[in-house]
*Asks:* 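Have a look at the structure that comes next, please.
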Amino acid sequence: MLTGAVRMSDSGHTRRRVLGASGALAGLVTLSGCGLFGDDEEPPKGPDALQPVLDEALALASAYDRVILADQSLSERLTPLSQAHRAHAAELARVIGTTLPSGAASAAAGGADTVAGLRTAELAAQKTAVAACKAAPAGRAALVGSIAAARATHAEALR
Amino acid sequence: MKEELASALAAEDAAIWAYGLIGVHLKEGSEQDQARAAEDLHRVRRDDLVEQLAGLKASTAPTPAGYELPFPVEDRATALKLAVQIEDGVAQAWRVVLPVTESTQRVDALSALTDSAVRATKWRKLAQVTPLTLIFPGRPTA
């Protein structure tokens, strides 16, 4: 009975604590399935469900780079977005258990090489990530969800 | 899942409370309208969460009587800073809901995460904070 009364004081949390409450859980979400069997080649089981999200991240990063190359004045604004896509790609590759292609992966121009085109591409890529998040196992949901949200913020930043 | 939803509820409550302070320091017109719209959306999410938790027969903890501000909010700059911090915090609370939900419920949680992340970007734009975006919205930065 006494413990009940003592526990009550636990509910007096501050907003500061609320804002940080999810911190302890964050480390748990990206348990990847890589490396368990060393370098033995497993029979390919078809592409990973997150491969399209990864491909899109790399394609977007390249598209940003092309736009920046064509107009350096956009560099300050667009470089963080390009870097974000590469960071997404790196995490996705880690979770999938694949390696990123080195060098310029997508030589083909994507046809999105204007700021407006990038914005359209971000919104399309957001949809891909939302669908992937919906279908993902629990251990991948937070990562893919963050990527989906990031793509939406990129579109907002380009407005 | 109850625990994660309860955390999201606490974050939404904190946001509703914070926007009451934020709005008065912003420019009249579009900025205050934006704050009011954000507050309304947080109320909708809050009400949804209360309903969901009731459905799970989880008691919703009463709103804590006093919140602590991370810094004094006394002008437009600090109000915008708080708005960014609040939306980032709400995004974090919703991100934790993703692994414990499925299907449409997860998509709803993702919408909440995304909406907060996009609003944080809008506030950063008004505050002229760069970069305007986080690399992984909702992931705790510390």
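Letters A, B, ... are given to chains in the order of the sequence lines, protein chains preceding strands, and every chain is numbered from 1.
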*Asks:* In this structure, would Val50(B) and Leu56(B) fall into the same cluster of hydrophobic residues linked by side-chain contacts under 4.5 Å?
*Replies:* yes
*Asks:* With heavy-atom distances below 4.5 Å as the criterion, would you say the side chains of Leu110(B) and Val130(A) are in contact?
*Replies:* yes
*Asks:* Give, as side chain, backbone, both or neither, the part of Arg77(A) having an atom under 4.5 angstrom from any heavy atom of chain B.
*Replies:* neither
*Asks:* Counting heavy-atom pairs under 4.5 Å with chain B, which one of Ala155(A), Ala148(A), Pro80(A), Ala150(A) comes out on top?
*Replies:* Ala150(A)
*Asks:* For a quick test of reading the model, state the closest non-hydrogen atom pair linking Leu113(B) to Ala149(A) and the distance between them.
*Replies:* CD2-CB, 3.5 Å
*Asks:* Quick one: do Val90(B) and Met1(B) end up in the same hydrophobic cluster if we chain Ile, Leu, Val, Met, Phe, Trp and Tyr together by side-chain heavy atoms under 4.5 Å apart?
*Replies:* yes
*Asks:* Pick one of side chain, backbone, both or neither for Ser103(B), based on which atoms fall under 4.5 Å of a heavy atom in chain A.
*Replies:* both
*Asks:* Under a 4.5 Å side-chain heavy-atom rule over Ile, Leu, Val, Met, Phe, Trp and Tyr, are Leu126(B) and Leu41(B) clustered together?
*Replies:* no
*Asks:* Sort Ala136(A) into side chain, backbone, both or neither according to what part of it lies under 4.5 angstrom from a heavy atom of chain B.
*Replies:* both
*Asks:* So does Cys133(A) get a backbone contact from the side chain of Arg106(B), meaning a donor-acceptor N/O pair under 3.5 Å?
*Replies:* yes
*Asks:* Evaluate whether atom CD of Gln128(B) has more than 12 neighbouring non-hydrogen atoms of other residues, nucleotides or ligands under 6.0 angstrom away.
*Replies:* no
*Asks:* Between Lys134(A) and Thr104(B), which heavy-atom pair has the shortest distance, and what is it?
*Replies:* CE-N, 4.2 Å
*Asks:* Side chain, backbone, both or neither: which part of His85(A) has an atom under 4.5 Å from a heavy atom of chain B?
*Replies:* neither
*Asks:* For the pair Glu156(A) and Lys125(B), find out whether any cationic side-chain nitrogen is under 4.0 Å from an anionic carboxylate oxygen.
*Replies:* yes
*Asks:* Kindly give the heavy-atom pair with the smallest separation between Leu98(B) and Ala141(A), and that separation in Å.
*Replies:* CD1-O, 3.6 Å
*Asks:* Please report the shortest heavy-atom distance between Leu143(A) and Arg139(B), naming the atom on each side.
*Replies:* CD1-NH2, 3.8 Å
*Asks:* How many angstroms lie between OG1 in Thr121(B) and NE2 in His154(A), if you round to the nearest 0.5 Å?
*Replies:* 8.0 Å
*Asks:* Please look at Pro131(B) and chain A and tell me whether the side chain, the backbone, both or neither of the residue comes under 4.5 angstrom of a heavy atom of that chain.
*Replies:* side chain
*Asks:* Could you see if Leu92(A) belongs to whatever hydrophobic cluster contains Leu58(A)? Use Ile, Leu, Val, Met, Phe, Trp, Tyr and a side-chain cutoff under 4.5 Å.
*Replies:* yes
*Asks:* Check for a donor-acceptor pair, side chain of Thr153(A) on one end and backbone N or O of Val118(B) on the other, with a separation under 3.5 Å.
*Replies:* no
*Asks:* Is Glu102(B) atom CD crowded by more than 12 heavy atoms from other residues, nucleotides or ligands, each under 6.0 Å away?
*Replies:* no
*Asks:* Does Leu118(A) belong to the same Ile/Leu/Val/Met/Phe/Trp/Tyr cluster as Leu123(A), with side-chain heavy atoms less than 4.5 Å apart forming each link?
*Replies:* no
*Asks:* How far apart are the closest heavy atoms of Phe136(B) and Ala87(A), and which atoms are they?
*Replies:* CZ-O, 3.9 Å
*Asks:* Do Ile135(B) and His88(A) make a side-chain contact, defined as non-hydrogen atoms from C-beta onward lying under 4.5 Å apart?
*Replies:* yes
*Asks:* Measuring heavy-atom distances to chain B, does Gln126(A) have an atom under 4.5 Å in its side chain, in its backbone, in both, or in neither?
*Replies:* side chain
